[in-house]
Number of protein chains: 2
Amino acid sequence: MNTEQIEILLKEKNLKLTKQRKNIINKLLEIKGHFEIEELAYKLKNKGIKASRATVYRTLSILKELGLINEVIKHGNKTYYEVNLKEHHDHLVCLSCGKIIEFHDEKIEKIQNKVCKKFKFKPYYHRLEIFGICNECQKKLKKRG
Amino acid sequence: MNTEQIEILLKEKNLKLTKQRKNIINKLLEIKGHFEIEELAYKLKNKGIKASRATVYRTLSILKELGLINEVIKHGNKTYYEVNLKEHHDHLVCLSCGKIIEFHDEKIEKIQNKVCKKFKFKPYYHRLEIFGICNECQKKLKKRG
DNA sequence: CTGGCTGCAAAAACTTTGCACCTCA
DNA sequence: TGAGGTGCAAAGTTTTTGCAGCCAG
C-alpha cells in the first residue's frame, strides 16, 4: 500500500485529494506502526502540517471505511490504530510498559473461521488482544522484589 | 458466584458493603449477560434504586479489579461488560443488529498460551471479538435485495 | 462553478474527580 | 468514632457536528 494506490482508491469513491488528506496519509505511511489519533494530530501540528483535529478524525474515519487502517487495540479509553500494510496480525499488550507485540497464527485464524461457520456468522474482521506483562517488565518486577 | 461470595470478597479487601453496592451487585447478578454502564445506571434509576452515576462507575471499577466483571467488548465508543459467571469465552458481534454470540474454543486458548510462551509474555487476560453479520441479518439483507 | 472539504467552536458522549456530608463496621 | 463511601457538580477526555467559507476537479 503506497500513496498512489491510496489516491486511486479515494478517486474511485469520489473523495477529493486535499492537501490535508495527502499530509495525513503521508504521515501515516511514515509512522507505519500503532498510533492514537491525538498522537497523530499532535505530530502533524508539530511538523507544521496544517490539519485540524476535526479533519484528522474525519480522514481517519474515511480511511477506516476504506480498510486502509484498523482499530487494533482498545485499552482504557484509548483506541490504537494501525496502517494496514502487513498481513493481518493480532497483539500482545504489556500492561506495565505499554509495549505492543504483534503476532500472527494461522491456526487461530482457521479455528475462528470454523467457529463462524458453526454459527452461520459472516465475519468481517476481528481483534484479538492479549493483555499481560512482557518479558522485560517481568525481569524488572522481579529485581524490585 | 453469588451475592454472599461477593460480600466476602469485599470484606477481605476492607471494602464496605453499602446499600448502593448491594443494589448494584444484585442488579448485575439479575442481568447476567452483557451490559453497558449507562444502561446499568439507567436500569437502577428506573427501578427506584438509589445509586448515582459516579457510584456506579466507582463500583464497577472495583468489581473489575476484583475480577468479578470483565470488559468483554469494545465497539464504537462503547464498552460492554459481563459478569464473570461462566467459563471464559469470546464473542461474535453482529454489526447489523448488535447481537452478541458467545463461544469458547479450547484450541484457540491453547494456541494463545503457546504464542505467549514464545514471546515470554505473561498473559493476564485476553479479548477476542469477531465482528460480522449474524445468520438472521444475512437472511434479512438477502430478502431486501 | 459547485459539491465536497476544512477549520473553528460548540456540543455530545463517556468517565473521573474534588469536596462536603454520610454511614458502615 | 473514623475510614471509607456517596452525591453532586464540575472538569477531563475523546469524538462528533453545525456552519460559514474555501478549494479541488
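Here is how names work: the chains are called A, B, and so on, in the same order as the sequence lines, proteins then strands, and each is numbered from 1.
- Between the side chain of B/Lys50 and the base of D/dG7 there is no donor-acceptor pair of N/O atoms closer than 3.5 Å.
- B/Gln138 places a side-chain N or O within donor-acceptor distance of the main-chain N or O of A/Lys120, the cut-off being under 3.5 Å.
- Relative orientation of the A/His91 and A/His34 rings is perpendicular, given thresholds of 30° and 60° on the angle between their planes.
- Distance from the side chain of A/Ser52 is smallest to C/dC8 among D/dG7, C/dC5, C/dC8.
- Across the helix from C/dC1-D/dG25 to C/dA25-D/dT1, the helix axis at one end is tilted relative to the axis at the other end by 40° (nearest 10 degrees, each axis from five pairs).
- By the 6.0 Å contact criterion, CD on A/Glu36 is enclosed, its count of non-hydrogen atoms from other residues, nucleotides or ligands being greater than 12.
- Pairing each heavy atom of B/Ile73 with each of B/Arg127, the nearest pair is N-CD, 4.1 Å.
- Checking D/dG7, D/dG25, D/dG2 against the side-chain heavy atoms of A/Lys16 singles out D/dG25 as nearest.
- For the pair A/Asn23 CG and C/dT6 P, the computed distance is 11 Å after rounding to whole Å.
- When distances run from any side-chain atom of B/Arg53 to the nucleotides C/dG3, C/dA25, C/dT15, the shortest one goes to C/dT15.
- Residue A/Lys50 holds its NZ atom at 10.0 Å from OG1 of A/Thr55, rounded to the nearest 0.5 Å.
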Every protein N/O within reach of nucleotides 9-14 of chain D N/O, cut-off under 3.5 Å:
from	atom 1	to	atom 2	distance (Å)
D/dT14	OP1	A/Lys78	NZ	3.3

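- A distance of 12.0 Å separates NE2 in A/His104 from CD in A/Glu102, rounded to the nearest 0.5 Å.
- A distance-only check finds no donor-acceptor pair linking the side chain of A/Asn70 to the backbone of A/Val72 [under 3.5 Å].
- In the set D/dT6, D/dG25, D/dT15, the nucleotide with an atom closest to the side chain of A/Leu17 is D/dG25.
- Put simply, CG on A/Leu10 is 14 Å from P on D/dA24, counting in whole angstrom units.
- Taking the side chain of A/Gln20 as heavy atoms from C-beta on, and the options C/dT6, C/dG4, C/dA25, the nearest nucleotide is C/dT6.
- When the ring pair (Phe, Tyr, Trp, His ring centres under 6.0 Å) test is applied to A/His88, the partners found at least two apart in sequence or on another chain are A/His126.
- Note: NZ (A/Lys11) to P (C/dG3) measures 21 Å, nearest angstrom.
- For the pair B/Thr18 and A/Leu15, nearest-nucleotide mapping onto DNA chain C gives the more 5' position to A/Leu15.
- Among the nucleotides C/dT6, D/dA24, D/dG5, the one closest to any side-chain atom of A/Lys19 is D/dA24.
- A straight line from OH of B/Tyr42 to C1' of C/dA13 spans 18 Å, rounded to a whole angstrom.
- Atom-to-atom, CD1 of A/Ile49 to C1' of C/dT6 comes out at 16 Å; the value is rounded to the nearest Å.
- With hydrogens and angles left out, the side chain of B/Arg58 and the base of D/dG7 share a donor-acceptor pair within 3.5 Å.
- Aromatic rings of A/Tyr125 and B/Phe131 (six-membered ring for Trp) have centroids within the 6.0 Å cut-off, being under it.
- Straight-line distance from the NZ atom of B/Lys13 to the P atom of D/dG5: 13 Å, rounded to whole Å.
- Atom CD1 in A/Ile62 sits roughly 12 Å away from atom P in D/dT16 (whole-Å rounding).
- Regarding B/Glu71, its CD atom lies at a distance of 14 Å from the P atom of C/dC14, rounded to whole Å.
- Within 6.0 Å of atom NZ in B/Lys122, 12 or fewer heavy atoms from other residues, nucleotides or ligands are found, so the atom counts as exposed in its surroundings.
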